[in-house]
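Order of the sequence lines fixes the chain letters, A, B, ..., with proteins taken first and strands second; residue numbering starts at 1 for each chain.
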Number of protein chains: 2
Amino acid sequence: MKAKITLKDIAKELEVSTSTVSKALNDSNEISIELREKIKAFADFYHYRPNMTALKLRNKKTMIIGVIIPEIVHHFFSEIISGIEKMANGRNYNVMVCVSSESYEKEKLNLAMLSNGSVDGVLVSIAKETLELGNYDHFKELEDYNIPLVLFDRVSNEVNCDKIVVDDEGAGYKATNYLMDIGRKRICILSTPDHVNVGALRSLGYKKAIEERGGEVDDRLLFRVNDKTDLYLQIQTYLNSLEVWPDAIIGVNEIFAAIAMKVAKEKKYKIPEDVAIIGFTDGLISQFSTPAMSTIVQHGFMMGEQATAMLLDRIQKKEPDMNYDYKVISTDLKIRESTEKIE
Amino acid sequence: MKAKITLKDIAKELEVSTSTVSKALNDSNEISIELREKIKAFADFYHYRPNMTALKLRNKKTMIIGVIIPEIVHHFFSEIISGIEKMANGRNYNVMVCVSSESYEKEKLNLAMLSNGSVDGVLVSIAKETLELGNYDHFKELEDYNIPLVLFDRVSNEVNCDKIVVDDEGAGYKATNYLMDIGRKRICILSTPDHVNVGALRSLGYKKAIEERGGEVDDRLLFRVNDKTDLYLQIQTYLNSLEVWPDAIIGVNEIFAAIAMKVAKEKKYKIPEDVAIIGFTDGLISQFSTPAMSTIVQHGFMMGEQATAMLLDRIQKKEPDMNYDYKVISTDLKIRESTEKIE
DNA sequence: TGTCAACACGAAACCGTTTTCGTAAGGTTT
DNA sequence: AAACCTTACGAAAACGGTTTCGTGTTGACA
């Protein structure tokens, strides 16, 4: 239970000044080689390690970035955190993780906590509730304190900062086009309420693809799933309310697609013969479902890495720069059994 | 781009001393009410917020706990992090997350980084490589610096500290017993190499259950999946190498079970009629597979919460206490379609 | 032998707080 | 009127480092 040893302790023990010890340990040639070695040996012996907090105070840098994420138990988000952690670590930063649980209040609290100087920069994916409320005042605080911010995935153009998003519109477009390519006519999309930009954009791409081929968008085939009540029931009820079942379904996330698959199986529809299904987020469900699910892969890990790179670049920039980046990560369509072409 | 305002700035502006400002803002009655109000108003106007780093230095507490976890993109672990974050936040602590990626070296590095005074305590789930190597010297450093440590899920009794684990043996026992209850005779278990304690313990429970009923453990039915090569291939090859297929399979994690299900379906075995399957970790795969998978639910969230509570309790304990806790969290068996009883 | 640079180290300021202690001014006791 | 308490504030130390600057001792050069 030895208390941690400080510079002062070493100085006293060796009867030199703390400045000498500091310089010696930092290999300054202001100190003679013999003394340097002696001090180093002593420090080593007692496992001296500089107090990080003291360093942070002096350097005015914490070497920590904060992350506020709507939830962690979520394949896409956990991939992002993974990417963040890797990039941050590679550049000698640490990561402080906060969860908003999709709540505006928690997001605000977290932001306040992080903006008090605990971190050098913040990465945020906006909570659904915040998006719904449309209130982004809590982000101003960061600006006041001059703490760099990067929004990822769930962004808002009411906040001035760097942003990085998945090419959601392109992904919706890509998925829809592919389904039409394999001959599907009644393509249904299970989306989110419009304030969740990712859902809205994916729907937009969906519409665009259909219209581009001269088709007409049937609004009854676009269902906005409300995530406040039972998902299964909503989707089941919706699908069965259609006079004619779709021959293809796009779920804007893994779960919607998995539920659609389950409902289809219950109705004894064959997948992909009767109905093709595509999901988003290439998580475990997609890989291990039967049939294996075709998905839009969103490269969450890469997004985490790049968001962090953007943030660190901005942190390390000396003078503030009002030109904010907007980066779009394109998606890939991973075709598996749930959409195999009908010949 | 205003620089953050400090106590000193306020003091200078108001022509009082910094101590007066500090006291006023902390509502000390050493300062007259009028001056107090004046200073508070001023501070408020300029959005004064105390510099956390300075406070940390003075108080010798960072209010941060470090977490080293083998991976994040993993249902069980992300649940744990979620629980950690919640409990920590509720007790005014922040969470720094580090990923070992199952690597001994990264774990060591992370530990060294955290033990330099950045955090008040550390939560670790040991990397597989470390377990395999059996080298736990890097944990000594924490002891040297007197930084509390709690090991969770993947623990080692070579490290002296509080520990919290899932009742893995009981879980294996419970699953096996249940399968025998519904009449299964050839129960196979897909486990991990023995150095991964969770796998070893689950296998132990499996054996115990069988022996308790006077059965004999058939070693051919216990397969240790090596996670360094293709999982699917290994499990497929193993299962098909058996002269007689099992009528029940226990996968010690979600993925092993999902793969087993997939292999069984390919062989046109009916689930659960021909073969019942039970997995661990009640994640998305289990919920959305067809048939829905029976699982052992491990309460990861709760484990995260409790591990954090143990850690914080120890941090807040004034005098060191060599009596370490060992807490076991019991599991539940969630029965779904993959094991429904044959009547 | 006086001047000056190089060497090797210490003193002190600094980062931004809190907190202990000291003290001047005024009021209350006796 | 002397002694003592409050009240209301400031000075300074402390947390644990880094860094600038100053300075005493050498040795070299003129």
If you look at every strand shown and take non-hydrogen atoms under 4.0 Å, does B:Thr6 touch a base, only sugar-phosphate, or nothing? sugar-phosphate

Please classify the nucleic acid contact of B:Leu55 as base, sugar-phosphate, or nothing, using heavy-atom distances under 4.0 Å. sugar-phosphate

Counting only heavy atoms and a strict 4.0 angstrom limit, can you tell me which residues of residues 30-42 of chain B come near DNA chain D? B:Glu30, B:Ile31, B:Ser32, B:Leu35

Does anything in residues 56-66 of chain A come within less than 4.0 Å of DNA chain D? Heavy atoms only, and list the residues if so. A:Arg58

Does a side-chain N or O of [X] approach OP1 or OP2 of [N] to a distance below 4.0 Å, or not?
{"X": "A:Lys8", "N": "D:dC15", "value": "yes"}
{"X": "A:Ser22", "N": "D:dT18", "value": "yes"}
{"X": "B:Tyr48", "N": "C:dG16", "value": "no"}
{"X": "B:Asn51", "N": "C:dC15", "value": "no"}

How many Å lie between [atom1] on [X] and [atom2] on [N], as a whole number?
{"X": "A:Arg49", "N": "D:dG16", "atom1": "CZ", "atom2": "C1'", "result": "15 Å"}
{"X": "A:Leu7", "N": "C:dC9", "atom1": "CG", "atom2": "P", "result": "16 Å"}
{"X": "A:Asn26", "N": "C:dC9", "atom1": "CG", "atom2": "P", "result": "15 Å"}
{"X": "B:Leu25", "N": "C:dT19", "atom1": "CG", "atom2": "P", "result": "13 Å"}
{"X": "A:Lys4", "N": "D:dG17", "atom1": "NZ", "atom2": "P", "result": "12 Å"}
{"X": "A:Glu15", "N": "C:dC9", "atom1": "CD", "atom2": "P", "result": "14 Å"}
{"X": "B:Asp120", "N": "D:dC15", "atom1": "CG", "atom2": "P", "result": "18 Å"}
{"X": "B:Asp27", "N": "D:dA8", "atom1": "CG", "atom2": "P", "result": "14 Å"}

Which residues pass the salt bridge (Lys or Arg N to Asp or Glu O under 4.0 Å) test with [X], not counting sequence neighbours?
{"X": "A:Lys163", "value": "none"}
{"X": "B:Glu13", "value": "none"}
{"X": "A:Glu37", "value": "none"}
{"X": "A:Asp313", "value": "A:Arg91"}

Go nucleotide by nucleotide along DNA chain C from the 5' end; which of A:Ser19 and A:Asn29 gets its closest nucleotide reached first? A:Asn29

Quick one: does any side-chain atom of [X] pair with a main-chain N or O of [Y] as donor and acceptor, under 3.5 Å?
{"X": "A:Asn94", "Y": "A:Met96", "value": "no"}
{"X": "A:Thr308", "Y": "A:Gly304", "value": "yes"}
{"X": "B:Arg36", "Y": "B:Ser28", "value": "yes"}

Please name the pair of heavy atoms, one in B:Val196 and one in B:Leu131, separated by the smallest distance, quoted to 0.1 Å. CA-CD1, 4.3 Å

Counting only side-chain heavy atoms from C-beta out, which of D:dC9, D:dG17, D:dA12 sits nearest to B:Lys23? D:dC9

Specify whether A:His74 and A:Phe77 have parallel, tilted or perpendicular ring planes, treating 30° as the upper limit for parallel and 60° as the lower limit for perpendicular. tilted

Does this structure show an ion pair linking B:Glu141 with B:Lys108, if we count only N-O contacts that are shorter than 4.0 Å? no

